[in-house]
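Taking it in order: structure first as structure tokens, then the write-up.
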Amino acid sequence: MALKITEDCINCGACISECPNNAIYEPGEPWRMSDGTCINDDTEHDPISDDFYYIVPDKCTECKGFYDEPQCVAVCPVDSIIEDEDHEESEEDLLAKKAKLHCE
């Protein structure tokens, strides 16, 4: 299951550098699949949030294959990162997504 950042986010930015998939973006910032991945798709997508940091579900693997726990959750000082019920995925699916994002 991908993760999402709630409106409780205080925009501290602690999470952004922790993501091994570059799935976290600043409020209002457009995102691309190619950002921090080996995927050759520079299509610019509209921001998911203009008000607080956000996670792109197509790039989130909950840090599977990198760490034992999601690093963004571990560093968030206000616990504003939760499971995204709209994007349920098995551990197998998340590991396959990681392999695709990093051309393994």
Side-chain angles (χ1 to χ4, degrees):
M1 184 175 301
L3 301 171
K4 69 179 179 182
I5 300 174
T6 69
E7 63 275 354
D8 295 332
C9 176
I10 59 171
N11 293 325
C12 70
C15 59
I16 201 164
S17 63
E18 298 299 320
C19 183
N21 300 312
N22 293 85
I24 303 174
Y25 290 82
E26 294 182 18
E29 180 182 0
W31 66 274
R32 293 166 206 77
M33 283 302 291
S34 60
D35 293 340
T37 72
C38 69
I39 296 178
N40 188 20
D41 181 357
D42 289 330
T43 305
E44 190 171 277
H45 300 275
D46 290 335
I48 294 173
S49 173
D50 290 324
D51 301 317
F52 46 87
Y53 281 76
Y54 66 90
I55 298 173
V56 175
D58 290 343
K59 295 176 75 175
C60 179
T61 64
E62 290 187 38
C63 294
K64 298 290 183 191
F66 291 104
Y67 304 104
D68 292 334
E69 66 179 342
Q71 296 301 287
C72 59
V73 173
V75 300
C76 181
V78 294
D79 299 325
S80 69
I81 303 173
I82 61 172
E83 291 183 344
D84 185 347
E85 313 81 29
D86 294 332
H87 295 94
E88 287 192 39
E89 298 165 290
S90 68
E91 183 169 348
E92 185 176 276
D93 292 337
L94 293 170
L95 288 170
K97 187 191 303 185
K98 176 208 178 254
K100 180 180 176 186
L101 292 170
H102 298 281
C103 297
E104 297 174 351

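The figures that follow rest on heavy atoms only: side chains count, while hydrogens, waters and symmetry mates do not.
Side chain of Lys59 to main chain of Asp35: a donor-acceptor pair is present (N/O by atom type, distance under 3.5 Å, no hydrogens or angles). Side chain of Lys97 to backbone of Cys60: a donor-acceptor contact under 3.5 angstrom is found. In this structure, the side chain of Ser34 engages the main chain of Asp41 through a donor-acceptor pair within 3.5 Å. A donor-acceptor distance shorter than 3.5 angstrom exists from the side chain of Tyr25 to the backbone of Arg32, with no hydrogens or angles considered.
With values rounded to the nearest 0.5 angstrom, Ile48 atom CD1 is found 9.5 Å from Ile5 atom CD1. One finds the NZ atom of Lys64 at 10.0 Å from the OG atom of Ser90 (value rounded to the nearest 0.5 Å). In this structure, the separation between CD1 on Ile82 and CG on Asp8 is 8.5 Å, given to the nearest 0.5 Å. Within the model, atoms CD of Glu7 and CG of Asp51 stand 10.0 Å from one another, a figure rounded to the nearest 0.5 Å. In this structure, Cys9 SG and Ile55 CD1 are separated by 9.5 Å, a value rounded to the nearest 0.5 Å. The distance from the CD1 atom of Ile10 to the OH atom of Tyr53 is 10.5 Å, given to the nearest 0.5 Å.
When all heavy atoms of Gly36 and Asn22 are compared, the closest pair comes out as CA-OD1, 3.4 Å. When all heavy atoms of Cys19 and Ile24 are compared, the pair lying nearest together is CB-CD1, 3.9 Å.
The shortest side-chain heavy-atom distance between Cys38 and Leu101 does not fall under the 4.5 Å cut-off. Side-chain contact between His102 and Asn21 is present, with at least one heavy-atom pair separated by less than 4.5 Å. Residues Pro47 and Pro27 have side chains not in contact (no heavy-atom distance under 4.5 Å, counting atoms from C-beta outward). Using a 4.5 Å heavy-atom threshold, the side chains of Pro57 and Asp84 count as touching. Side chains of Ile81 and Pro70 form no contact here, defined as non-hydrogen atoms less than 4.5 Å apart.
Taken together through direct or relayed side-chain contacts under 4.5 Å among Ile, Leu, Val, Met, Phe, Trp and Tyr, Ile16 and Tyr54 form parts of separate hydrophobic clusters. Val56 and Phe52 fall into different hydrophobic clusters, where Ile, Leu, Val, Met, Phe, Trp and Tyr side chains are chained together by heavy-atom contacts under 4.5 Å. Leu3 and Leu94 fall into different hydrophobic clusters, defined by Ile, Leu, Val, Met, Phe, Trp and Tyr side-chain heavy atoms under 4.5 Å apart, directly or through other members.
Put simply, the residue from Asn40, Thr43, Ile39 that forms a side-chain contact (heavy atoms from CB on, under 4.5 Å) with Met33 is Ile39.
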### Task
Apply side-chain contact (heavy atoms from CB on, under 4.5 Å) to Glu69 and Gln71, showing your working.
CA-CA 6 Å; Glu69 66 179 342; Gln71 296 301 287; 3.9 Å; yes
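Electrostatic pairing of Lys4 and Glu85 counts as a salt bridge here, judged by a charged N lying under 4.0 Å from a carboxylate O.
Within a 6.0 Å sphere centred on CD of Glu92, other residues, nucleotides and ligands contribute 12 heavy atoms or fewer.
Here His87 pairs with nothing under the ring-ring contact (aromatic ring centres under 6.0 Å, His included) rule; sequence neighbours left out.
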